[in-house]
Amino acid sequence: MGVEIRCAGPAATMAVGRRLASLLRPGDVVLIEGDLGAGKTTFIAGVAEGLGVDEEITSPTFILARTYSGLVPLTHADVYRMDTLGEVADLDLIEEAADGVLMIEWGTAVEQSMPASRLVVHLEVSGQDTRILRFDPLGDWSDRPLEELEL
Ligand code: ADP
Ligand code: MG
């Protein structure tokens with residue numbers, strides 16, 4: 001079952017990200033959806049904190065993907081500017097991130113090339129500082145205790 005969490009402010013969104021970090025394992029793929037400014041990068045920054053990444057997470061604008069070292073390596077990609085599936089395939093993201101966690105902003109655009117087991121996170125803007133985070137588990141993600149994400 002999916003889980004929905006209301007986050008009143010960026011700190012709350014990051015806190016949920018930190019909680020997600022403790023559910024992640026090497027090889028996991030997480031797709032993040034939501035409009036520009038919805039908080040996708042903010043959420044990933046929270047996950048990075050939880051994984052012990054000590055660098056600041058920025059939007060990978062010029063480089064499309066970046067890998068950070070942490071307890072588990074974290075690869076952060078933003079495929080917003082990708083025109084074709086081929087371009088994404090060229091990045092070899094899945095192989096690149098095989099030993100770590102892969103988080104992709106706007107990832108449903110490339111869902112066809114993603115593993116059947118994946119977590120999809122939707123961020124919806126609900127007023128200036130409130131975001132609704134919805135977690136949809138696919139494949140073996142349905143066995144993970146997503147209710148632990150609740151604040
Ligand atoms: P995206 O990556 O989806 O484009 P960002 O994370 O870069 O979004 O930016 C989200 C913006 O919204 C930031 O300026 C952040 O401070 C603001 N914001 C306000 N409330 C929230 C919230 N509850 N969660 C996340 N971001 C929020
Ligand atoms: Mg972003």
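Order of appearance sets the numbers: ligands from 1, and atoms from 1 within every ligand. The first residue of the sequence shown is numbered 1, and numbering continues consecutively from there.
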Check whether any side-chain N or O of R19 sits under 3.5 Å from a backbone N or O of E148 as a donor-acceptor pair, and report yes or no.
yes
For E96, I'd like to know if atom CD has over 12 heavy atoms of other residues, nucleotides or ligands within 6.0 Å.
no
Less than 4.5 Å apart, side chain to side chain, heavy atoms only: is that true for L149 and I5?
yes
Please lay out, stage by stage, how R6 and T130 fare under the test side-chain contact (heavy atoms from CB on, under 4.5 Å).
CA-CA 7 Å; R6 172 181 291 269; T130 301; 3.5 Å; yes
Before giving the answer on side-chain contact (heavy atoms from CB on, under 4.5 Å), spell out for H76 and I57 the whole-Å C-alpha distance, their side-chain angles and the decisive distance to 0.1 Å.
CA-CA 9 Å; H76 173 205; I57 303 294; 3.6 Å; yes
So if I only count non-hydrogen atoms and take anything under 4.0 Å from ligand 1, which residues does that give, chain by chain?
C7, G9, P10, T13, D35, L36, G37, A38, G39, K40, T41, T42, E105, Q128, D129, R131
Side chains of T42 and T13: do they bring a donor and an acceptor to under 3.5 Å?
no
Can a donor-acceptor pair be found between the side chains of T41 and E105 at a distance below 3.5 Å?
yes
Near the Mg ion (ligand 2) (protein N/O/S, cut-off 2.8 Å, waters excluded) we have T41 OG1, E105 OE1
For L20, the option from I44, L119, V101 that meets side-chain contact (heavy atoms from CB on, under 4.5 Å)
L119
Does S117 use its side chain to pair, donor to acceptor, with the backbone of D140 at less than 3.5 Å?
yes
